[in-house]
Amino acid sequence: MSIYQSIKDNIYRRLEEAVNEAKACGELVFEECPAFVLEEPRERQHGDLATNLAMLLTKQARRAPREIAEIILKHFNTENTWISSWEIAGPGFINFRLNPAWLQGVIPEVLAQGDKYGSVNIGRGQKVQVEFVSANPTGLLHMGNARGAALGDSLASLLSVAGYQVEREFYINDAGNQIINFALSLEARYLEQFGQEVEFPEAGYHGEDLIDTVKRFIARDGDAYLHIEAEKRREALVRFALEEKIAAIKETLEDFGVYYDVWFSEKSLHDSGYIQETMQILKEKGYIYEQEGALWLRSTLFGDEKDEVIVRSNGLATYFAADIAYHRHKFERGFSKVINIWGADHHGHVARMKGAMQALGYDPDSLQIILMQLVRLIQGGEVVRMSKRSGRYITLRELMDEVGKDAARFFFLLRDPDSTVEFDLDLAKQESQDNPVYYVQYAHARLCSILRQARELGYDPDINPKQEQLALLNSPEERDLLKKIADLPGEIALAAKLTEPHRLARYVLDLAALFHTFYNSQRVLVPDEDLRTARLGLVRSVRYVLANVLRILGVSAPEKM
RNA sequence: GCGCCUGUAGCUCAGUUGGAUAGAGCAUCUGCCUUCUAAGCAGGGUGUCGGGAGUUCGAAUCUCUCCAGGCGCGCCA
């Protein structure tokens, strides 16, 4: 546990003890100590830590909050808490001030842990899977996929440093209806290339990229599939196109900094009979019935609005059936937690998916679905409807070409998944120069620059500062920086608990701001050896923290800019 | 019609799960480079937290209602 965390935990416990002691003395009456908060007040003048405990006890104790605060403080033991003073303020807050000497412990802690600083172990090695993007392999990756990629990848990294054993997975939708449409679209493009007039399938994929795919197919196999039966032609086209599309998706995601552990094929679930087997289990449990020639799942038993078809009257399993089998497969692989990142347009699917897991006997809460709102693309002042079928969308590739990987990722990571982001590509291009990501990266480059120069001047920046040297770091700028650094393990624990990586993007932005302020107010490479050693220790620590967080976010930390 | 999400500064967005005087960035204005990177710093103003009602010591946060936008409600995925 980090220094700061243990200080807070300790004070929290002492408060509980004080309250219980007051109760034992008969000075306070209450049933149970309420869950109070001990937090950093927004206003500096309110001290380092504040608690609302007294106010929460008013109802039970039937006394004025400030009176209760008095009683609590009378029983409060400050020994070994770093508390230097306290006061009762406002409606009944208890504000604590800490002896700033506690900050001297921060740098040694960071330097000792280095790349690992910030890691916590709330996961205790539990296996977690994060499945994200899982775009249909029938086209290119678009802005929505970009958001999902940034979010999913960072979440996976975050959980990993929070002590979970994480696997990243991409579910390949290489079966079902859309593959049939895909085949028909490819076939139409294929025949077109040989000058045949063909009607393009209504539900087909109009993207131009399919034309290129077909051209490459022809370059390889010529007209070999022109005069044979349609089924074989389609099969060959689909096999070729899928392979190519999946490879392209993989390559694009890798360029975006996303690497998967598992690429899971939907088709494999059909081929191996796993879907059949899963349906059989549900049938044996009595959750399936037949109506109008189709098989239905009684999903209403588990909170769904209506029952769902899982096998169509034509005998084909629906996407839902495959998805149930897929998620059963996930749990069978031993994940204690399974996280899916879906676009908000799939939210109707959430309840029935969880319901299906419950039907299979799994804890539906082990399946967490993070919905992200769609990305609204603005171009020329107008909303551009994104659709694979219409073929009109800005691709992830174009996004990276225009604004760069780091800026694109950071853009998404600064936002809560629940917010509908508007992405104006023209504006993004124009603003890519002052993207907040550069603010953070610049801080990192500056830190590296200081360390470089220190070496050039013959100073060894890797000396670990002694306590008395660290005591010299007592300016407000230095204290703020130290406090922020000390926060990291807590920030990571909270972000992981809430599965909200965007908190870390905010954190790193705040940290960069504090560093830039420090940089402009104090020099690191000063003649005084003790002060210089202490500040170099601070510089190294801040650099570790920036680099560690940027690594989680999948953003590079350049040494020079 | 029903369900989910959203509405915070001119723009893009945060807001530690109910705390004290609501914050950043962009834009705009004023200062700061013979000293570790000016992609930076310091300072100036900007708010009916969509409207209304309620819950309580205390609400941007919880409840209800209304308004606006997005997305769902297929034998599509």
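In what follows, chains are A, B, ... by sequence order, proteins preceding strands, each numbered from 1. Nothing here was measured: the structure is a model prediction, and the numbers come from that model.
- Identified under the side chain to side chain donor-acceptor pair (under 3.5 Å) test for residues 44-56 of chain A, with sequence neighbours left out: A:Arg44-A:Asp480, A:Asp48-A:Lys483.
- Applying the salt bridge (charged side-chain N to carboxylate O under 4.0 Å, His left out) test to every pair with at least one member in residues 502-523 of chain A, sequence neighbours left out, gives these pairs: A:Lys484-A:Asp510, A:Glu500-A:Arg503.
- Comparing B:rU56, B:rA77, B:rC36 against the side chain of A:Ser449 picks out B:rC36 as the nearest.
- Nucleotides B:rU16 and B:rC26, compared at atom C1', are 25 Å apart to the nearest Å.
- For the strand RNA chain B, secondary-structure stems (runs of at least three Watson-Crick or G-U pairs, all distances below 3.5 Å) span B:1-7 with B:67-73, B:10-13 with B:23-26, B:28-32 with B:40-44, B:50-54 with B:62-66.
- For B:rC76, one of the phosphate oxygens OP1 or OP2 lies less than 4.0 angstrom from a side-chain nitrogen or oxygen of A:Asn177.
- In terms of polar N and O atoms assigned as donor or acceptor, the side chain of A:Gln45 comes within less than 3.5 Å of the base of B:rU21 in a complementary pairing.
- Using a 4.0 Å cutoff on non-hydrogen atoms, the parts of residues 451-460 of chain A near RNA chain B are A:Gln453, ordered by number.
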>> I'd like to compare against my own output: the B/S/- annotation of nucleotides 39-46 of chain B with a strict under-4.0 Å heavy-atom distance to protein.
In response: BBSS----
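- A:Arg312 has a side-chain polar atom (N or O) that falls below the 4.0 Å cut-off from OP1 or OP2 of B:rA77.
- One N or O donor and one acceptor, one from the side chain of A:Asn95 and one from the base of B:rA20, sit under 3.5 Å apart.
- Evaluation of the ring pair (Phe, Tyr, Trp, His ring centres under 6.0 Å) rule for A:Phe515 yields A:Tyr519 as partners, not counting sequence neighbours.
- For residues 176-186 of chain A, no residue pair satisfies the salt bridge (charged side-chain N to carboxylate O under 4.0 Å, His left out) rule, not counting sequence neighbours.
- The base of B:rG72 does not come close enough to the side chain of A:Asp345 for any donor and acceptor atom to sit less than 3.5 Å apart.
- Listed by residue number, the members of residues 524-538 of chain A with any heavy atom below 4.0 angstrom from RNA chain B are A:Val524, A:Leu525.
- Not counting sequence neighbours, A:Lys8 has no partner by the side chain to side chain donor-acceptor pair (under 3.5 Å) test.
- Both A:Gly176 and A:Ile94 lie close to RNA chain B; mapped to their nearest nucleotides by heavy-atom distance, the more 5′-ward contact belongs to A:Ile94.
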Mind listing the N/O atom pairs, protein and nucleotides 1-5 of chain B, below 3.5 Å?
from, atom 1, to, atom 2, distance (Å)
B:rG3, N2, A:His347, NE2, 2.6
B:rC5, O2', A:Gln373, NE2, 3.1
B:rC5, O2', A:Asp418, O, 3.3

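- By the stacking rule of 5.5 Å between ring centres and under 30° between planes, A:His46 stacks on the base of B:rA20.
- Sorted by first then second residue, the salt bridge (charged side-chain N to carboxylate O under 4.0 Å, His left out) pairs that include residues 54-65 of chain A, not counting sequence neighbours, are A:Arg63-A:Glu67.
- Nearest nucleotide to the A:Met55 side chain, out of B:rA20, B:rG19, B:rU56: B:rG19.
- For the P atoms, the distance from B:rC67 to B:rU30 is 47 Å, rounded to whole Å.
- Ring pair A:Phe264/A:Phe170: centre-to-centre distance not below 6.0 Å.
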Between the protein and nucleotides 15-17 of chain B, list the N/O to N/O atom pairs that are separated by less than 3.5 angstrom.
from, atom 1, to, atom 2, distance (Å)
B:rG15, OP1, A:His502, NE2, 3.1

